[in-house]
Number of protein chains: 2
Amino acid sequence: MQIIQAYQCFCDETRLRILNLLLEGPLCVCHLTSILGVPQPKVSRHLKALRDGGALETERCYNWTICRLPATPSPLLEANLKCLQDLRAEEPCFKVDLETRKRTVARILRDPCDDLPAQIRSLAKDCC
Amino acid sequence: MQIIQAYQCFCDETRLRILNLLLEGPLCVCHLTSILGVPQPKVSRHLKALRDGGALETERCYNWTICRLPATPSPLLEANLKCLQDLRAEEPCFKVDLETRKRTVARILRDPCDDLPAQIRSLAKDCC
DNA sequence: GTCGAATATTCGCTTGACAGCATATTCGAT
DNA sequence: ATCGAATATGCTGTCAAGCGAATATTCGAC
């Protein structure tokens with residue numbers, strides 16, 4: 001059943017953390033990896049699971065993969081992203097990630113070259 | 001994370017089928033088992049998982065265990081039960097189960113003794 | 001107390017999910 | 001062509017989930 005795959009997206013802490021971060025806006029894989037503080041292959045695999053479950057859209061841009069929530073989410077996804085929003089206050093780990101995200105984004109905007117080559121600087125602004 | 005356990009309830013076909021049936025009203029374990037057509041221990045185990053995830057309340061009545069959706073469901077549960085309702089049309093297996101339920105309930109009401117001893121006949125009506 | 005029915009639990013097994021580590025791939029820059 | 005950075009994929013081990021079969025438990029009836 002297709003619906004089971006969709007629910008798998010919400011049955012793993014890393015995936016929930018990724019969704020929580022993407023609720024604030026798109027991020028590329030390397031920034032996700034850095035914010036989450038977990039090995040890059042792990043992030044990549046969970047992203048694939050999210051994509052397979054219809055909870056993620058990715059766009060390749062040179063060597064960067066931009067991750068964002070689907071432009072037209074399914075009703076199921078939409079309902080549960082809303083739940084996730086409401087649960088932020090209760091889950092300390094979600095709040096910490098959001099603060100880490102804020103710091104990371106600030107650093108990127110201050111000194112884009114540290115993180116991104118010139119070609120995708122504008123994209124970075126789009127991201128953050 | 002507590003929330004993961006809650007989502008586990010929706011990540012298994014048998015559990016989804018049980019929730020789908022209970023949306024119509026309470027059922028005891030033996031009727032659930034009969035409607036689903038799966039071994040009783042399997043049903044029992046999934047019921048435990050649903051209970052642990054906060055998606056099920058059970059009430060012991062003599063030797064019967066009456067299963068029902070929580071009287072005051074969490075927002076997460078409520079949202080996803082609503083999704084389940086909407087998905088019924090798309091999942092043939094859900095529709096088949098509902099028809100089987102209808103036939104089973106009709107049989108119980110016609111000849112309660114076949115299924116339930118006198119003491120819980122009224123409860124059966126409550127169930128169905 | 002003994003029996004049968006309804007339900008729960010234990011056991012051994014198989015399968016699948018996730019992890020870490022190493023490696024492959026893909027791109028622009030030089 | 002070669003290099004480094006970003007990302008994806010193989011591989012292998014570990015662990016939890018789920019299953020079937022058998023058994024334990026709990027109740028009322030007799």
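Every value quoted in this text rests on a predicted model; they were computed, and no experiment measured them. The figures that follow rest on heavy atoms only: side chains count, while hydrogens, waters and symmetry mates do not. Reminder, nothing fancy here: chain letters follow the sequence lines and each chain counts from 1.
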**Residues forming a ring pair (Phe, Tyr, Trp, His ring centres under 6.0 Å) with Phe94(A), sequence neighbours excluded** = none
Residues 49-57 of chain B side chain polar contacts: donor-acceptor under 3.5 Å, at least two apart:
| residue | atom | partner | partner atom | Å |
| --- | --- | --- | --- | --- |
| Arg51(B) | NE | Thr58(B) | OG1 | 3.3 |
| Asp52(B) | OD2 | Lys48(B) | NZ | 3.3 |
| Glu57(B) | OE1 | Ala71(B) | N | 3.4 |

**Value in whole Å for how far the P atom of dT7(D) lies from NE2 of His31(A)** = 8 Å
**Prompt:** Excluding sequence neighbours, so at least two apart, what forms side chain to side chain contact (heavy atoms under 4.5 Å, CB included) with Pro75(B)?
**Reply:** none
**Distance-only donor-acceptor test (3.5 Å): side chain Asn63(A), base dT7(D)** = no
**Request:** Starting from C1' on dA17(D), measure out to OH on Tyr7(A) and report it in whole angstrom.
**Result:** 20 Å
**Item:** Between P of dA6(D) and NZ of Lys48(A), the distance in whole Å
**Value:** 23 Å
**Asked** Rounded to whole angstroms, how far apart are CG on Asp52(A) and C1' on dA8(D)?
**Response** 13 Å
**Spacing between Ile66(B) atom CD1 and dT7(C) atom C1', to the nearest angstrom** = 12 Å
**Request:** Select base, sugar-phosphate, or nothing to describe what Ser44(B) touches, counting heavy atoms under 4.0 Å on all strands.
**Result:** base
**Prompt:** What integer distance in Å separates Ile35(A):CD1 from dA6(D):P?
**Reply:** 14 Å
**Asked** Leu47(B) has an atom CG; how far is it from atom C1' of dT9(C), in whole Å?
**Response** 14 Å
**Prompt:** Which residue pairs satisfy the side chain to side chain donor-acceptor pair (under 3.5 Å) criterion with at least one member in residues 3-14 of chain B, sequence neighbours excluded?
**Reply:** Asn80(A)-Tyr7(B)
**Item:** Side chain proximity check, Leu19(A) to Phe10(A), heavy atoms < 4.5 angstrom
**Value:** yes
**Item:** Partners meeting side chain to side chain contact (heavy atoms under 4.5 Å, CB included) with Val38(B) (sequence neighbours left out)
**Value:** Arg17(B), Leu36(B), Lys42(B), Val43(B)
**Prompt:** Nucleotide by nucleotide, 5' to 3', does protein get under 4.0 Å of the base (B), only the sugar-phosphate (S), or neither (-) in nucleotides 17-23 of chain C, counting heavy atoms?
**Reply:** -SSBBB-
